[in-house]
Amino acid sequence: MSALRNRPVVCGNKRVGLLQSVSLDSAQKRVRALIISCGVLGKRVVQAQEVLAVADGFILVSGVQRYRRAFETPPCAFVRDTTGLLTGRVTDYAIDEETLAVAAVELTTGYLRPARRARLWALDYVRQGEQSPELTVPACLGRELINVGEGT
């Protein structure tokens, strides 16, 4: 998501604004809408089905709607393993630019001891509930993935 943030959003042949964030579905597996910052005009929303293309320098869309808070669902912030241990925080989402599906979640293991702190990509995760701010990852995270860091 951080690679897409602040990209210009173009509708027709007019720049609408800059991508501010995304709204994810309740399972946190797919982009539901793009939240666009339009400067002094406030925010606008682009539904996922209205995204025509994600190019290198901009995002092309077919329509823009007025912003309503109902469009914005906050991404999960905390990560627990299947044993219930609070293991870290979500720092980023890897989004497939063609399908707008969430491919992985980047997390920092800040709640484990310092030797194990790293940024990891979790491909297998589950959201606990519709309103839960937490994701659950496999319990092996602390042991087997200790040497996996950013960029590897």
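These numbers were taken from a predicted model, which means no experiment stands behind them.
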_Of all pairs that satisfy salt bridge (Lys or Arg N to Asp or Glu O under 4.0 Å), the ones with a partner from residues 13-29, not counting sequence neighbours_ = none
The criterion is side chain to side chain contact (heavy atoms under 4.5 Å, CB included); which residues satisfy it with [X], sequence neighbours excluded?
{"X": "A77", "value": "R89"}
{"X": "R7", "value": "L4, V54, I59, E97"}
{"X": "D124", "value": "P138"}
{"X": "A55", "value": "F58"}

Does some side-chain heavy atom of [Y] sit less than 4.5 Å from a side-chain heavy atom of [X]?
{"X": "M1", "Y": "L19", "value": "yes"}
{"X": "L135", "Y": "V90", "value": "yes"}
{"X": "I36", "Y": "V45", "value": "no"}
{"X": "S23", "Y": "V31", "value": "no"}
{"X": "Q20", "Y": "K43", "value": "yes"}
{"X": "V51", "Y": "V46", "value": "yes"}
{"X": "C76", "Y": "R127", "value": "yes"}
{"X": "V16", "Y": "V10", "value": "no"}

*Hydrophobic cluster identity match, V105 and L100, side-chain contacts under 4.5 Å*: yes
_Rounded at 0.5 Å granularity, tell me how far CD1 in I35 sits from CZ in R32._
8.0 Å
_Nearest-0.5 Å distance that lies between atom OG1 in T108 and atom CG in D92_ = 12.0 Å
Residues that [X] engages under side-chain hydrogen bond (donor to acceptor under 3.5 Å, both in side chains), provided they are two or more places apart:
{"X": "R80", "answer": "E134"}
{"X": "T136", "answer": "Q128"}
{"X": "Q28", "answer": "Y93"}

*Which other residues belong to the hydrophobic cluster containing L123, where Ile, Leu, Val, Met, Phe, Trp and Tyr are joined when side-chain heavy atoms lie under 4.5 Å apart, directly or via other members?*
none
*Residue pairs, two or more places apart or on separate chains, that pass side-chain hydrogen bond (donor to acceptor under 3.5 Å, both in side chains) and touch residues 50-68*: Y67-E72
Taking all atoms of both residues into account, what is the closest heavy-atom pair of [X] and [Y], and its distance?
{"X": "L86", "Y": "V79", "answer": "CD1-O, 3.5 Å"}
{"X": "W121", "Y": "A104", "answer": "CE3-CB, 3.7 Å"}
{"X": "G12", "Y": "L60", "answer": "O-CD1, 4.2 Å"}

*Are the side chain of D81 and the backbone N or O of V137 linked by a donor-acceptor pair below 3.5 Å?*
no
